[in-house]
Amino acid sequence: MRASALLLSLFAVFVALAALTSEPARASDAADWLAGPCSGPNGTIRVRPHGRYVSGYFGTLVADALVHARERPDMVAGWMQWYFAHAHDSGSGVDGVPDDVDLDGDREVSRGRPDSTDAYGAVFLSLARHAYDSGDPALRALVLAHRDDLARIMDSGVATMRPNGLTWARPQYHIFYTIDDVELYRGLVDASALFDHAFHDAPLSARYDRDARIVQYGVTNVLWDAQTQTFRPYMNDAGTSGPANLSVAYPDALAQVLAIYYGFVDPRSSAARALLERASPALLAQNDPLAEHQLILLATQRRMGLDVAVPPFHPPSLCVDAAWYLQAAK
């Protein structure tokens with residue numbers, strides 16, 4: 001009797017998995033959903049569907065995924081215009097970064113600061129480069145019209161850089177995060193390319209390239225743990241931190257995978273494969289194939305040139321989860 005029940009259970013699992021993998025991933029489903037409950041007034045992008053909280057960081061990740069998927073350029077443009085208009089007078093004391101806000105109908109109530117200053121500017125410059133490179137005429141025109149704003153926003157990313165080449169998360173929070181700094185590295189690389197190709201500004205392009213190499217040096221010489229062959233997830237101002245615990249998904253295991261995703265570690269290298277193999281189990285521990293960490297893993301595997309099977313889309317609890325779905329599906 002128990003054997004029969006077990007066989008029935010295994011058959012049910014097989015049927016469920018077959019149904020999951022037989023339906024193709026549809027990026028347009030995720031994009032259409034983002035344009036609904038995640039879209040707020042005045043170009044804002046909500047952190048949670050129908051939620052009040054708006055973050056300059058998470059909104060940019062959503063907009064960047066839409067550009068990547070060539071979906072909803074109007075939503076991307078609305079977000080970029082909101083960011084340009086709000087990237088000043090931050091409670092963090094850093095110019096060029098917007099404070100997070102809560103929505104009260106069409107009214108915005110400032111939270112008084114961003115969550116970080118280094119990552120916000122970095123991911124926005126990557127978005128700006130991708131928007132320009134997309135070839136969409138409206139997005140390209142929007143980027144070209146905001147040269148000075150883009151330079152100011154990129155400067156916010158390096159405003160907390162220390163002599164070791166790393167950046168504090170914000171002036172009031174003296175922690176160096178691997179995730180933030182690999183995002184900053186990528187943002188500076190993208191800013192260098194953007195100011196070269198779009199604005200033909202060789203001196204500023206060279207400055208951003210130089211800053212990218214400084215961050216690269218800091219991450220390699222401070223955050224890389226040669227003994228464990230992993231990135232420390234963070235370091236305090238005193239220069240002390242423990243090694244990465246790869247049984248912990250965030251930030252320890254995720255830091256290794258995002259270093260690959262953002263190209264700090266060459267995605268096609270043996271080093272990337274080794275890091276991914278060791279970090280994957282913690283990110284796969286959640287029982288939801290559309291959980292954020294698993295989608296980041298899929299998106300990174302795609303960057304590495306690996307074949308990935310993305311399940312059909314269903315509405316997640318966070319809008320950024322749909323963004324990672326877009327990055328994995330396309």
Side-chain angles (χ1 to χ4, degrees), residues 26-92 97-117 119-128 130-131 138-139 142 153 156 169-170 179-180 183 250 254 286 288 290-296 299 313-330:
R26 285 174 50 87
S28 59
D29 290 343
D32 290 346
W33 180 79
L34 282 167
C38 292
S39 180
N42 306 316
T44 53
I45 296 176
R46 306 172 194 269
V47 171
R48 293 184 179 276
H50 302 294
R52 298 176 59 202
Y53 178 31
V54 175
S55 158
Y57 175 77
F58 288 113
T60 297
L61 291 183
V62 170
D64 193 44
L66 289 168
V67 170
H68 179 76
R70 299 188 181 279
E71 297 274 359
R72 300 285 176 171
D74 55 333
M75 190 171 174
V76 175
W79 172 255
M80 293 183 72
Q81 288 166 337
W82 180 89
Y83 199 105
F84 286 134
H86 289 74
H88 55 81
D89 299 328
S90 168
S92 67
V97 60
D99 291 336
D100 293 351
V101 303
D102 287 306
L103 298 173
D104 182 10
D106 288 345
R107 192 169 68 95
E108 298 171 10
V109 181
S110 175
R111 290 195 170 195
R113 63 168 178 81
D115 185 62
S116 69
T117 55
Y120 279 44
V123 296
F124 192 84
L125 261 294
S126 290
L127 165 62
H130 299 154
L139 291 179
L142 180 61
I153 290 167
S156 75
R170 63 177 184 272
I179 292 174
D180 289 38
E183 288 171 330
Y250 178 85
L254 198 61
Q286 293 172 280
D288 180 1
L290 291 185
E292 180 183 2
H293 294 164
Q294 295 193 28
L295 290 170
I296 293 174
F313 178 76
H314 66 73
S317 58
L318 295 172
C319 297
V320 75
D321 293 353
W324 287 113
Y325 182 92
L326 286 173
Q327 298 286 19
K330 294 291 280 190

Q: Give a yes or no on whether the backbone of Val320 and the side-chain of Glu292 come within a donor-acceptor separation of less than 3.5 Å.
A: no

Q.
Please verify the inter-ring angle class for Tyr250 with His293; under 30° counts as parallel, over 60° as perpendicular, anything in between as tilted.
A. parallel

Q.
I need the Leu254 CG to Ile179 CD1 distance, nearest 0.5 Å.
A. 4.5 Å

Q. Where do Leu326 and Ala27 come nearest, in terms of heavy atoms and distance?
A. CD2-O, 3.2 Å

(Q) Could you check whether any side-chain N or O of Asp99 sits under 3.5 Å from a backbone N or O of Gly91, counting only pairs where one atom can act as donor and the other as acceptor? (A) yes

Q: Over all heavy atoms of both residues, which pair between Trp324 and Leu295 is shortest? Give the atoms and the distance, please.
A: CB-CB, 3.7 Å

Q) Nearest 0.5 Å, what's the CE-CG distance between Met75 and Leu34? A) 5.5 Å

Q) Can you find a pair of side-chain heavy atoms, one from Asp102 and one from Arg111, that are under 4.5 Å apart? A) yes

Q. Does the side chain of Asp64 reach to within under 4.5 Å of the side chain of Trp79, using non-hydrogen atoms?
A. no

**Q.** Minimum heavy-atom distance Val76-Glu71, with the two atoms named
**A.** CG2-O, 4.4 Å

Q | Reported CG-to-OH distance for the pair Asp180 and Tyr57, which is rounded to 0.5 angstrom | A | 7.0 Å

Q. Would you say the side-chain atoms of Gln327 pair up with the backbone N or O of Ile296, donor to acceptor, closer than 3.5 Å?
A. no

Q | Side-chain heavy-atom pair Arg72, Asp32 within 4.5 angstrom cut-off | A | yes

Q.
Test your reading of the model: is there a side-chain donor-acceptor pair from His130 to the backbone of Ser126, 3.5 Å cut-off?
A. yes

Q) Can you check whether Leu318 reaches Phe58 side chain to side chain, under 4.5 Å on heavy atoms? A) no

Q: Compute both the distance and the angle, then confirm whether Arg170 meets the cation-pi test with Tyr120: under 6.0 Å from the six-membered ring centre, within 45 degrees of the axis.
A: no

Q.
Quick check for you: to the nearest 0.5 Å, what is the distance between Asp100 atom CG and Ser90 atom OG?
A. 9.0 Å

Using a 3.5 Å cut-off and no angle test, enumerate the donor-acceptor pairs between side-chain atoms of residues 43-51 and protein atoms at least two apart in sequence or in another chain.
from	atom 1	to	atom 2	distance (Å)
Thr44	OG1	Pro41	O	2.7
Arg46	NE	Ser39	O	3.4
Arg46	NH1	Gly51	O	2.6

(Q) For Phe313, is there any backbone N or O sitting under 3.5 Å from a side-chain donor or acceptor partner on Tyr325? (A) yes

**Q.** Straight-line distance of Tyr83 OH to Ile153 CD1, nearest 0.5 Å
**A.** 5.5 Å

Q. Do you know which two heavy atoms are closest between Ser156 and Gly121, and how far apart they sit?
A. OG-CA, 3.9 Å

**Q.** Least distance between heavy atoms, Cys319 atom then Val62 atom
**A.** O-CG2, 4.0 Å

Q | CG-CG distance between Leu61 and Asp321, expressed to the nearest 0.5 angstrom | A | 11.0 Å

Q: Could I get the full list of side-chain hydrogen bond (donor to acceptor under 3.5 Å, both in side chains) partners for His86, not counting sequence neighbours?
A: Trp82, Glu108

Q. At their closest point, which heavy atom of Pro114 faces which heavy atom of Pro98, and how far apart are they?
A. CB-O, 3.5 Å

Q: Compare all side-chain heavy atoms of Ser55 with those of Asp115 and state whether any distance is below 4.5 angstrom.
A: no

